[in-house]
Amino acid sequence: MPTDHARLVDRVTTWYDDVARDLPWRSPDRTPWGVLVSEVMLQQTPVVRVEPVWRTWMSRWPTPTDLAAASTADVLRAWDRLGYPRRALRLAECARTIVDRHGGEVPDDEAALRALPGVGEYTAAAVRAFAFGRRAVVVDTNVRRLLARTVAGAALPAPSYTVAERTLAETVAPPEDVTAARWAAASMELGAVVCTARAPRCGACPVRDLCTWRAAGHPPDAHAGRRRVQAWHGTDRQVRGRVMAVLRGATGPVHRDLLADVGKDPAQVERCLAGLVEDGLVEQGADGRYALPLAPA
DNA sequence: GACTCGTGGGT
DNA sequence: TACCCAAGAGT
C-alpha cells in the first residue's frame, strides 16, 4: 500500500500548507527551546489554553538558562492553570539539565532528548521534527485517530498505543527529512481540527475519498464501553488542584485551616498535602504553614 | 499494562 | 446535567 500512503501524505501536507493555524511556536523565528516548551505545555492540554501562557513564559524565560535560574514558586505561578503542574517542575529541571549537560542548547538527537525530564517518545519526536526539521515518527492522539480512521477503518484507536500503530506510523512517514516533518505537523493538524474525536468534519477533509472508515459507513467504536472514564469529583486530583490554586493565589505561607475546605475528608486533604510536598510542588515551613517552594527544586 | 496526575470547554 | 476529551510522561 505504499501508493495509498504516499497519496495520503501528499494530500494532507498540501492541505496543511493552505490552512495551518498561525501558532507562535510555528513562527519562522521560533527556537528549539520554544518548541520544546510548547510540546510540554501541550501534553494533555488544548492549544487555546496553552497559547497565552506560552507567550508570557517565553517572554520571561526565553532560553533554558533563564528558566534554570527561576524559583519554583515563580514557575508554578506562571504555569497558572494549565494543569498537571508536575510538568512545570519537569520543564524547569529539563532547563537545568540542558544547561548542565548541553551547554544551554536543546539537543537534537533522540537519546539526549529522551533523557530530559518530561520528554517521552512523543515529545522527543516532535522536537526533532518541528525544531530541527528531522524525520521523526510523531504519533500523538490526533495522529493515532487519523490513521485509525483513514487506514484501519476504525472510529477510534485502541485504548492504549499498540505496536501495530507504531509500525503503521513508521510505514506511512515519508523518508525525507523535510517531507516527514511536514507530514508530522500536517497529520496532527488534520486530527486536531477536522478529524476530531467527537464530531469529525468529514465534509472539510482533504482525504475523505481515501478514508477506510468513511468507506465502511462510519462504523461505531469497537472499544466503546471498555474505555476507562477519568473520575474527577472527590478524587485526590481535584483536592490537589484546589490546594495548588489556593497557594498560587496566596502572597505568603498559608495556614492549614485555610486549606481545610478544599476537601470533605480531612484525611484526604492531609494525604494530598503530603503528596504535594513529596512531589516538590508544596513546601511546609517550620511553623507548619504551606507555600509554593521558593528555591529551584 | 494499569494507574496516577489538572483543568476547562464542547456536546 | 453528565460525560467526553485534550500535541503524554512517569511509576
Side-chain angles (χ1 to χ4, degrees), chain A residues 16 20-21 23-26 34-54 76 79-91 93-94 113-131 136-146 155-163 165 169 181 184-193 195-201 221 223-248 262 271-272 275-276 278-282:
Chain A
Y16 179 73
R21 290 170 292 177
L23 301 171
W25 46 86
R26 289 176 176 170
V35 171
L36 176 51
V37 170
S38 78
E39 292 302 338
V40 173
M41 289 183 172
L42 287 163
Q43 290 166 4
Q44 297 284 282
T45 304
V47 167
V48 288
R49 235 182 300 161
V50 165
E51 186 168 349
V53 176
W54 184 92
L76 290 172
W79 192 259
D80 197 34
R81 289 183 286 185
L82 288 183
Y84 294 141
R86 294 189 298 185
R87 289 183 297 164
L89 297 186
R90 293 194 194 110
L91 185 55
E93 191 182 344
C94 177
L113 283 166
R114 286 296 300 269
L116 297 173
V119 177
E121 178 178 347
Y122 162 78
T123 301
V127 169
R128 279 171 50 76
F130 305 147
V137 181
V138 181
V139 185
D140 75 331
T141 187
N142 293 304
V143 176
R144 291 187 65 209
R145 188 173 54 248
L146 178 66
L156 292 171
S160 56
Y161 189 36
T162 66
V163 174
E165 288 180 88
S187 54
M188 287 174 60
E189 186 83 346
L190 186 60
V193 308
C195 196
T196 54
R198 219 113 27 126
R201 302 161 52 196
D221 175 26
H223 302 88
R226 297 194 56 77
R227 295 178 188 279
R228 60 191 182 89
V229 288
Q230 243 184 53
W232 176 246
H233 293 287
T235 63
D236 283 5
R237 261 192 306 176
Q238 183 181 39
V239 171
R240 286 169 58 106
R242 286 174 177 167
V243 169
M244 293 302 293
V246 169
L247 297 186
R248 276 197 311 268
V262 299
R271 178 174 71 246
C272 288
L276 289 167
E278 175 68 20
D279 289 344
L281 287 163
V282 171

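Throughout, protein chains are lettered first and strands after them, A, B, ... in sequence-line order, and every chain is numbered starting at 1.
- Following rounding to the nearest Å, A:Arg248 (CZ) and B:dG6 (C1') show an atom-to-atom distance of 9 Å.
- Distance, A:Trp232 CH2 to B:dG8 P: 9 Å, rounded to whole Å.
- With salt bridges taken as basic N to acidic carboxylate O contacts below 4.0 Å, none links A:Arg21 and A:Glu51.
- Within 4.0 Å of A:Gln238, counting heavy atoms only, lies no atom of the nucleic acid at all.
- When the P atom is used for both C:dA7 and B:dC5, the distance is 22 Å, rounded to whole Å.
- With rounding to whole Å, A:Glu51 atom CD is found 17 Å from B:dG8 atom C1'.
- Below the 3.5 angstrom threshold, one finds no donor paired with an acceptor across the side chain of A:Arg237 and the base of B:dT7.
- The side-chain heavy atoms of A:Gln43 and A:Tyr84, taken from C-beta on, include no pair separated by under 4.5 Å.
- Looking at A:Thr141 and A:Arg144, their side chains never come closer than 4.5 Å, going by heavy atoms from C-beta outward.
- The distance from atom CG of A:Leu91 to atom CH2 of A:Trp79, rounded to the nearest 0.5 Å, is 6.0 Å.
- Contacts of A:Trp79 with the nucleic acid, taken as non-hydrogen atoms under 4.0 Å apart, are absent.
- For C:dA9 and B:dG9, the C1' atoms lie 24 Å apart once the distance is rounded to whole Å.
- Put simply, A:Arg240 has a side-chain N or O that comes within less than 4.0 Å of OP1 or OP2 on B:dG6.
- The distance between atom CE of A:Met244 and atom C1' of B:dG6, rounded to the nearest whole Å, is 10 Å.
- Two residues are said to be in side-chain contact when any heavy atoms from C-beta on lie closer than 4.5 Å; A:Val127 and A:Val119 fail this criterion.
- Across all strands, A:Thr235 comes closer than 4.0 Å to no nucleic acid atom at all (heavy-atom distances).
- Contact check for A:Arg248 versus A:Arg81: side-chain heavy atoms found under the 4.5 Å cut-off.
- Look at CZ on A:Arg242: it is 16 Å from C1' on B:dC5, rounded to the nearest Å.
- With the nearest nucleotide of DNA chain B identified for both A:Arg49 and A:Arg198, A:Arg49 has the one nearer the 5' end.
- If you find the closest nucleotide of DNA chain C to A:Val229 and to A:Gln44, the one lying nearer the 5' end belongs to A:Val229.
- Between A:Arg114 and A:Glu39, it is A:Glu39 whose nearest contact on DNA chain C lies nearer the 5' terminus.
- Using a 4.0 Å heavy-atom cutoff across all strands shown, A:Leu23 reaches at least one base atom of the nucleic acid.
- Atom CG in A:Leu82 sits roughly 19 Å away from atom P in B:dC5 (whole-Å rounding).
- First and last contacting nucleotides of DNA chain C toward chain A (any atom under 4.0 angstrom from a heavy atom, 5' to 3' order): C:dC4 to C:dG10.
- When rounded to the nearest whole Å, the span between CG of A:Leu42 and C1' of B:dT7 equals 14 Å.
- Using a 4.5 Å heavy-atom threshold, the side chains of A:Val143 and A:Asp140 count as touching.
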**Q.** Stepwise side-chain hydrogen bond (donor to acceptor under 3.5 Å, both in side chains) test for A:Glu39 and A:Tyr122
**A.** CA-CA 9 Å; A:Glu39 292 302 338; A:Tyr122 162 78; 2.6 Å; yes
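- Per the geometry, CZ belonging to A:Arg201 stands 14 Å off C1' belonging to B:dG10, to the nearest Å.
- Contacts of A:Thr141 with the nucleic acid, taken as non-hydrogen atoms under 4.0 Å apart, involve only primed sugar atoms and P, OP1 or OP2.
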